[in-house]
Amino acid sequence: MPARDTRLWSIDTPNTSYVVTVDEHDRLRGLHWGPRLSPEQALALLDLPESPFRPVVGREPRFDLGAGSAFQYGHNGVQVRFADGTRDLELVFAEAIEEEGDLTFVFTDRHYPLEVRTRYRSHPGTDVIERTLALRNTGTEQIEVVRADSATWVVPGLDTPRLSQLHGEWGAETQLTRTTIPHGETVIGSRRGITSHQANPWVVIDDGAATETSGPVWSTALAWSGTWRITVEKGPTGSVVVSVGFGHDPIAIRLGGGETLETPIAAGLHTAGGFASAASAWHDYALAHVLPHPEEVRPILYNSWEATEFDFTAEDQMRLADRAAAMGCELFVMDDGWFGARVNDRAGLGDWTPNPDRFPDGLGPLIKHVHGNGMRFGIWVEPEMVNPDSDLYRAHPDWVYHQPHRRRSEVRQQLVLNLARPDVADYIHARLDELLSENEIDFVKWDMNRPFTEAGWPGSDDPDRLWFDHTRNLYAILDRLRADHPALRIESCSSGGGRVDFGMLRRTDQVWISDNTDAVDRIAIQDGFAQVYPARVMGAWVTDSPNPLTRREVPLDFRFHVAMAGVLAVGGDLRIWSDEDQARGAELVSDYKRIRPAVQLGRRQPLRAGAVTGVQYDRGDQTVVLVWRKARSFAYPDPLLKLHGLDPDARYRDGRTGRVHHGAILATHGLELGLDPADYASAMIELTRLP
Ligand code: DGJ
């Protein structure tokens, strides 16, 4: 909604408005991000008091395009250096272009040949607004781009602003914490070449009082799988600005004459109903506007990694496939160790042909066996990597990131290929295309097991570009493979959850969220993951007990019930599972198939009652509740569990007992769980709304 002569625009979504103005100095300023406003109400924002030198609380000058203000001492979202050494921008507003859900503001530098476009995009049916930035060098001399944040979001004044973030490490990804925002700049990000296990590109801001079910929250996520930075800045009187972008300090990009730098999407979301409704809105956005095949439910996969690691033959894989099929699995994935000289992690990475000792007749017999069992066939690859002990490295030692006269650090005996080089990217694409064309492969698990170190590109006159072009070329390879092999489905993995973001999700079908498969640890990892990403992509394996990583012993039902909150998979050594566990596993797999549409495509609500935690998924008339309780204290009985979002006037039949419950009672008093009093109790409860 542009208001003529006022230079005021409102990006309206079903429930929210994001109102911006171009002020008298041609600066793009955020005036409102919150509940939807009428055009008349939006115009009234211009009457509010504001002074850059004596700010009214919560009304400091706030720039959506953080450039060009002589008095802006905080983080600047767009920073450039021109060929003569002049820094920063002085922008002149050229025009606002509106077309089909897009609103693009075009600015040009007052003196230098640079055009800046910032685009807001809204989609029907979601409150998520996407923002990107494009910088175009309209001259001939090089311009150095030091920072190009996709979005600088202006959050309205809050009394005690609080930041929610997802942090972690290998084996402990997506840990959710909420902390009061300190004054100054709080920076989270990745300098590792990947999204990272340590931080995920998503934050939520609230006023310190939001709960799962109430209160306004503001949230943003970056759709990018390389390095990134989110700067949360709290001004002297409490206002919060969140600047989101790719790249990390101190790298810079050189923009040649005629070149354009396009940033990835930063998505922003305001919701009024607490953290769970924000999470749900992110899930809906992912399903409607990010994932390539959102309408498909994911198959139950079996993955061989924890069963065999590197020690297997083709016959071992076939035996596992037989057991997996008998349990009801629908997709069999052979993990690492099938190619080149890869019988341990010291050799073979980069050589994507079947190991001749393990597969003397190629992959055909195993694939035929798996397909014969009624399952699809998937395979593990790690295309961005090379072991120095490999044919590929021996042929092209210069294809890895490195700096002249510097050591090349190995992690897990491997180096990172310079995928930013077009010839390397072409080679990788060709090898994978060949593998997929010559074999009936339905699914690829694409792994990436080590961060960048000594990331140099000898011979390049713009080596910092690798931090951007590696990810862009990765995306291009994935896009090409998908286009040429339309039935192919892809899982993104990076030593567990090191590369989970909306950029990757745009071109993959599911993600491996952690190498930690301990069901108790998984509850927290899954809960953090679900703050932004939907259950539809959250791979969750049931593995052996004691768990190989934590040595914790956890009953089979508990392990299944935790994994059933996502895309259920099996990853244990089925060759040693007892007949009893096999049979119970098959029952639980069949239970999951019944609840799968609700879990993968429904609305998620986190649940808690005393020591019991769980999730509720609703879709149509189906409500599924999965609950877990590690241990009780003092023999106290479990409290009733209150459910969320049910129709108070409807009645629901409990599939376990046949009892009929009133929605109003389930919401205000709760559901009796009837859990086993022993430790590690769990349950899956199906409620059906009666007509
Ligand atoms: C790391 C992954 O997260 C594991 O699932 C497994 O695929 C190994 N890599 C194989 O090397």
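Computed from a predicted model, the values in this text were never measured in an experiment. Every number for a ligand or one of its atoms is a count from 1 in the order of the listing.
- Taking the six-membered ring where the residue is Trp, Trp352 and Trp380 present tilted rings, their angle falling between 30° and 60°.
- Taking all heavy atoms of Val333, Asp447, Val381 into account, the minimum distance to atom 9 (N) of ligand 1 is reached by Asp447.
- Interface of Gly496 with ligand 1, defined as ligand atoms under 4.0 Å from a residue heavy atom, comprises 3 (O).
- Ranking the protein heavy atoms by distance from atom 3 (O) of ligand 1 puts Asp515 OD1, 2.4 Å first.
- Taking the six-membered ring for Trp and the full ring otherwise, Trp628 and His561 have centroids separated by 6.0 Å or more.
- Close contacts between ligand 1 and Cys493 involve ligand atoms 2 (C), 3 (O) [criterion: under 4.0 Å to a heavy atom].
- Within ligand 1, the atoms closer than 4.0 Å to a non-hydrogen atom of Ser495 are 1 (C), 3 (O), numbered from 1 in the order shown.
- Of the protein's non-hydrogen atoms, Asp336 OD2, 2.7 Å is the one closest to atom 11 (O) of ligand 1.
- Ligand 1 places these atoms under 4.0 Å from at least one heavy atom of Arg412: 10 (C), 11 (O).
- Listed by number with element, the atoms of ligand 1 under 4.0 angstrom from any heavy atom of Lys445 are 4 (C), 5 (O), 6 (C), 7 (O).
- In this structure, the ring of Trp305 has its center no less than 6.0 angstrom from the ring center of Trp541.
- Listed by number with element, the atoms of ligand 1 under 4.0 angstrom from any heavy atom of Trp512 are 3 (O), 5 (O).
- Looking at Asn547 and Thr517, their side chains do bring a donor and an acceptor atom within 3.5 Å of each other.
- Of the candidates Tyr475, Trp228, Trp282, Trp202, Trp282 is the only one forming a ring pair (Phe, Tyr, Trp, His ring centres under 6.0 Å) with Phe502.
- For the pair Arg376 and Phe332, the cation-pi test (distance below 6.0 Å, angle within 45°) is failed.
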ring-ring contact (aromatic ring centres under 6.0 Å, His included) between Phe443 and Phe377, intermediate numbers included: CA-CA 6 Å; Phe443 180 91; Phe377 178 78; 9.9 Å; no

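- Counting only N and O atoms by type, the side chains of His470 and Glu384 include a donor and acceptor under 3.5 Å apart.
- The distance criterion of under 3.5 Å between nitrogen or oxygen atoms is met by Asp335 with respect to ligand 1.
- Ligand 1 places these atoms under 4.0 Å from at least one heavy atom of Asn449: 1 (C), 9 (N).
- By the 3.5 Å distance cut-off applied to N or O atoms, Arg342 is not counted among the residues near ligand 1.
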